[in-house]
2 protein chains.
Amino acid sequence: MLKLSKKSEYALMAAKYMAIKNHGTVITAKEIANNFNFSYELISKVLQSLSKNQIVVSYKGVKGGYILSKSPVDIFLIDLIRAVEPDYQITECLKFENRKGSCNYKDNCTIKDPLAVVQQKIDKVFYETKLSHII
Amino acid sequence: MLKLSKKSEYALMAAKYMAIKNHGTVITAKEIANNFNFSYELISKVLQSLSKNQIVVSYKGVKGGYILSKSPVDIFLIDLIRAVEPDYQITECLKFENRKGSCNYKDNCTIKDPLAVVQQKIDKVFYETKLSHII
DNA sequence: TTGATAACCGACTAATTTAGTCTTATTTCA
DNA sequence: TGAAATAAGACTAAATTAGTCGGTTATCAA
């Protein structure tokens, strides 16, 4: 139904929160969970994904937490989404790992190429939206 | 995960098939199901949705079937998608019926307005793609 | 050096959404 | 009047997403 997952929403809101609040101090998953009434476990996972994708830097231990790794002008919406939704694509057959194989319609598919064009345009939308636009 | 539903894919492929094959004769759900190995019941439902949305005209009875109601240059991707997926929106809170009420984050939502902009851009992509582009 | 705190990770369960099936009704043609 | 087609709604199954749980590792400070 072409809907963003909750993870993507969490990622966006967390990134925005960090961008606004960050004055050199780290921000914990707990703080974000409390602030937005998010499930602590879920937002933790989201932040871990952002960390793996170098969007935030993480610090373990007592005074640990997260901090944005770059300026909001350098963080693109597509990075946030891809971090938590590695294989977002409007159709199965456009997914990265798909070399032939798993198209639903095999030889009968008549829409792959046009949908690839659509996909590129959607990617472009997410590329041209930056975190700084959202603050 | 921002994926099109199978219904949307069916709608697209069926519409394309009708656009190419249609020489004044109606096309049945059965023919399309056989041609693409679609579930007959599902493609039937999809065609019924297209019919309700005036994208195809339906004829009941023995020599019945479907026929595109307009030229492929006048059929937009967004019409096909909306016909089978009435409330496609990247987030819950942008759905039509949503006047306040059901936002996941209530007063704490910080992303509704920027996402509305993104939604408009995505709509635009689907508006500017016509069935004729896909043939 | 130990206890508290926070990130990290993977397996699991629950909830929601999507896909698919079944049944029955209605229309139309020959 | 029977066969073939659309129409519609209820139901079931499968897949995806959301959320939970348990345990590990790292870091700080008392």
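Just so you know, these numbers come straight off a predicted model, no measurement behind them. Within every chain, numbering begins at 1; the chains are lettered A, B, ... in the order of the sequence lines, protein sequences first and strands thereafter.
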Checklist entry - Using 30° and 60° as the class limits, which term best fits the ring planes of B:Tyr10 and B:Phe38: parallel, tilted or perpendicular? => result parallel

Item to check | Positions of residues 45-55 of chain A (non-hydrogen atom under 4.0 Å from DNA chain C), listed by number | outcome: A:Lys45, A:Gln48, A:Ser51, A:Lys52

Checklist entry - How bent is the helix from C:dT1-D:dA30 to C:dA30-D:dT1, comparing axes over its five end pairs at each side, to the nearest 10°? => result 10°

Checklist entry - When you look at NZ of A:Lys30, are more than 12 heavy atoms from neighbouring residues, nucleotides or ligands closer to it than 6.0 Å? => result no

Item to check | Nearest-nucleotide 5' precedence on DNA chain D, A:Lys7 against B:Gly64 | outcome: B:Gly64

Next on the checklist: How many whole angstroms separate atom CG of B:Leu2 from atom P of D:dT17?
Outcome noted: 11 Å

Checklist entry - Excluding sequence neighbours, so at least two apart, what forms side chain to side chain donor-acceptor pair (under 3.5 Å) with A:Asn34? => result none

Checklist entry - Rounded to the Å, how far apart are B:Asp87 CG and C:dT18 C1'? => result 13 Å

Checklist entry - Any sub-3.5 Å donor-acceptor pair from B:Asp79's side-chain atoms to B:Ile75's backbone N or O? => result no

Checklist entry - When the nearest nucleotide of DNA chain C is assigned to A:Gly65 and to B:Tyr40 on a heavy-atom basis, which residue is associated with the more 5' position? => result A:Gly65

Checklist entry - With a 4.0 Å cut-off on heavy atoms, is B:Phe38 in touch with a base, just the backbone sugar-phosphate, or nothing at all? => result nothing

Checklist entry - Within the side chain of B:Ser69, is there an N or O that forms a donor-acceptor pair under 3.5 Å with the backbone of B:Gln54? => result yes

Item to check | For B:Lys21, all residues meeting side chain to side chain donor-acceptor pair (under 3.5 Å), sequence neighbours excluded | outcome: B:Glu31

Item to check | Flag, side chain of A:Lys16 to backbone of A:Ile134, donor-acceptor distance under 3.5 Å | outcome: yes

Next on the checklist: What is the separation between atom NZ on A:Lys6 and atom C1' on D:dG19, rounded to the nearest whole Å?
Outcome noted: 9 Å

Checklist entry - Got a sec, which residues hit side chain to side chain donor-acceptor pair (under 3.5 Å) with A:Gln120, two or more places apart in sequence or on another chain? => result none

Atom pairs under 3.5 Å, N or O on each side, protein against nucleotides 25-30 of chain D: can you list them with distances?
from   : atom 1 : to      : atom 2 : distance (Å)
D:dT27 : O2     : A:Val62 : N      : 3.1

Item to check | Donor-acceptor contact present, side-chain B:Ser51 to main-chain B:Val57, <3.5 Å | outcome: no

